[in-house]
2 protein chains.
Amino acid sequence: MPAAFPAEPQMSATAEEEAYRHIQRALRLGRYKPGDRLIPEEIAAEIGMSRMPVREAFRRLASDGLVVLRPNRGCVVAGLTVDELYEIFEIRSVLEGLAVRLAMPRIDEEEFEELERLLERMERAGQSGSSDWVVRHQEFHGRICALSRRPKLIHQISALHVVIEPYMRIWFDDCDKPHSAREEHAVVIAALRSGDELHAEKVMQDHILSTAPMLAEFVSPSR
Amino acid sequence: MPAAFPAEPQMSATAEEEAYRHIQRALRLGRYKPGDRLIPEEIAAEIGMSRMPVREAFRRLASDGLVVLRPNRGCVVAGLTVDELYEIFEIRSVLEGLAVRLAMPRIDEEEFEELERLLERMERAGQSGSSDWVVRHQEFHGRICALSRRPKLIHQISALHVVIEPYMRIWFDDCDKPHSAREEHAVVIAALRSGDELHAEKVMQDHILSTAPMLAEFVSPSR
DNA sequence: TAAAGTATTTTTGTATCCACGTATTATCAA
DNA sequence: TTGATAATACGTGGATACAAAAATACTTTA
């Protein structure tokens with residue numbers, strides 16, 4: 001079974017890895033807010049290690065766009081402007097569109113059932129108000145991407161999901177529009193079933209672009 | 001004038017930045033070969049700084065996919081398998097396709113002339129055998145991307161160009177197929193002139209995908 | 001009150017040290 | 001010779017203490 005993204009739950013754990021995971025997790029869950037300053041010393045103490053691995057983790061997080069590193073001014077939690085959020089959704093649309101196109105030929109009946117199972121689980125999470133709707137939603141998209149069998153593509157898409165995750169959570173918490181997401185995603189499955197790769201690609205693109213405006217309202221002005 | 005990618009030629013230079021630029025440049029030029037081990041001490045001495053900023057630079061380079069960091073085994077120059085190279089070109093095709101689609105409405109006659117100037121400069125570099133044909137080629141693509149006015153999109157595409165740069169150089173050095181690139185790119189400009197965004201997007205996609213197989217022959221087997 | 005200068009805090013980088021994993025070499029038995 | 005095993009060298013990952021530079025905060029003075 002190909003793993004969906006929230007990737008690499010492996011347990012090798014150098015200190016830097018641990019710091020990276022720890023901070024990333026906090027950011028995904030929205031524990032740190034955009035603009036918050038991350039002080040290496042504090043975080044190091046929190047996890048029980050020295051500054052060095054934490055600072056290294058900062059570099060990676062900055063590469064991921066989760067954090068902004070300004071010379072001599074330390075590490076600040078990144079926030080997205082509305083424009084940036086739209087941009088990410090534009091990028092997601094073509095990337096996940098590509099993933100769908102590539103995945104399509106590999107999807108058999110068994111896989112369709114798995115996708116429908118994931119869709120159902122997502123809906124249940126949505127109804128119960130549990131905010132791991134966001135995680136389920138990622139699993140659904142991640143599953144399709146995984147089927148493309150393109151490691152770098154999967155990685156890039158996954159990284160974008162991490163960046164938007166805090167906003168997805170706010171969106172989910174503040175209103176329950178996500179319920180209508182059921183049909184939205186059912187349409188994607190239907191398109192996959194159609195066997196028309198370019199059609200499915202287009203449907204995925206439209207699906208992703210259509211959610212951007214809804215999210216956009218909840219974006220904090222940021223720096 | 002919007003800057004083309006080889007981005008950020010700014011001169012703020014923390015030590016980490018310097019290390020990052022230094023190593024990236026060496027990798028782009030192919031001074032280090034895939035599989036080579038990068039020893040922090042050596043590089044630190046080479047640039048005249050301590051290990052720490054070098055180690056931090058490694059993290060970013062690893063995020064960029066230029067280098068592989070394995071726990072307790074240090075830093076090794078990444079190489080691309082044929083599959084990975086194809087994958088990168090697939091990703092480039094949709095990303096740069098998107099950039100073209102977004103850039104199109106902003107291109108005026110002046111900009112077309114600039115693009116033609118860049119194309120000509122690229123050709124001249126190709127004829128003189130100077131290997132900064134690769135740089136000119138990047139400038140051409142970078143210019144179009146810049147017109148999309150999407151910072152994150154530009155950044156991602158730029159990162160991919162950096163990864164494939166060493167292979168582009170090998171390709172260029174070993175044969176002079178790049179000459180035929182003139183028409184290839186002229187077609188892209190023509191498509192931009194057509195005013196049909198989706199057509200131009202498609203043309204750019206095809207252009208990029210068509211170069212992958214030519215490059216693929218020159219890819220080292222890698223790990 | 002505004003400007004200038006001083007002090008403090010942070011960030012960044014250096015230098016050193018150590019434990020542990022990996023890789024290499026040397027040793028020894030079959 | 002060959003293969004397995006032990007000894008060793010090396011590099012990595014990390015800790016810690018310290019120094020320099022920048023940014024921020026705080027006075028003091030005009």
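Each chain gets a letter, A, B and so on, in the order the sequences are listed, and its residues count up from 1.
Comparing C:dT11, C:dG13, D:dG14 by their nearest atom to the side chain of B:Met52 picks out C:dG13. Side-chain proximity of A:Thr14 to the nucleotides C:dT22, D:dT12, D:dG14 is greatest for D:dG14. Side-chain atoms of B:Asn72 lie closest to C:dG21 of the nucleotides C:dG21, D:dA15, C:dG13. Relative to the side chain of B:Ala15, the nucleotides D:dA15, C:dG13, C:dT11 differ in distance, and C:dG13 lies closest.
Atom CD in B:Glu18 sits about 10 Å away from atom P in C:dG13, given to the nearest Å. Rounded to whole angstrom, the span from the CZ atom of B:Arg70 across to the P atom of D:dG11 amounts to 17 Å. Rounding to whole angstrom units, CD1 of residue A:Ile47 and C1' of D:dG14 are separated by 14 Å. Rounded to an integer number of Å, the gap from CD of B:Glu17 to C1' of C:dT11 is 16 Å. The CD atom of A:Glu56 sits 12 Å away from the P atom of D:dT12 (whole-angstrom rounding). Rounded to an integer number of Å, the gap from CE of B:Met49 to C1' of C:dT14 is 12 Å.
Comparing A:Arg37 and B:Leu38 against DNA chain D, the residue whose closest nucleotide sits nearer the 5' end is B:Leu38. With the nearest nucleotide of DNA chain D identified for both A:Glu16 and A:Arg73, A:Glu16 has the one nearer the 5' end.
Under the 3.5 Å distance criterion, with hydrogens and angles disregarded, a donor-acceptor pair is assigned to the side chains of B:His185 and B:His137.
Salt bridge B:Arg60/B:Asp64: absent, no basic N to carboxylate O contact under 4.0 Å. Using a 4.0 Å cut-off between charged nitrogen and carboxylate oxygen, B:Glu87 and A:Arg150 do not count as a salt-bridge pair.
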Can A:Glu16 and A:Arg59 be said to form a side-chain contact (heavy atoms from CB on, under 4.5 Å), step by step? CA-CA 11 Å; A:Glu16 189 272 345; A:Arg59 299 289 171 187; over 6 Å; no
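B:Arg55 contributes no side-chain N or O that forms a donor-acceptor pair with the base of D:dG14 under 3.5 Å.
At least one donor-acceptor pair closer than 3.5 Å links the side chain of B:Asp36 to the backbone N or O of B:Lys33.
Residue A:Arg51 is in base contact, counting any heavy-atom pair closer than 4.0 Å across all strands shown.
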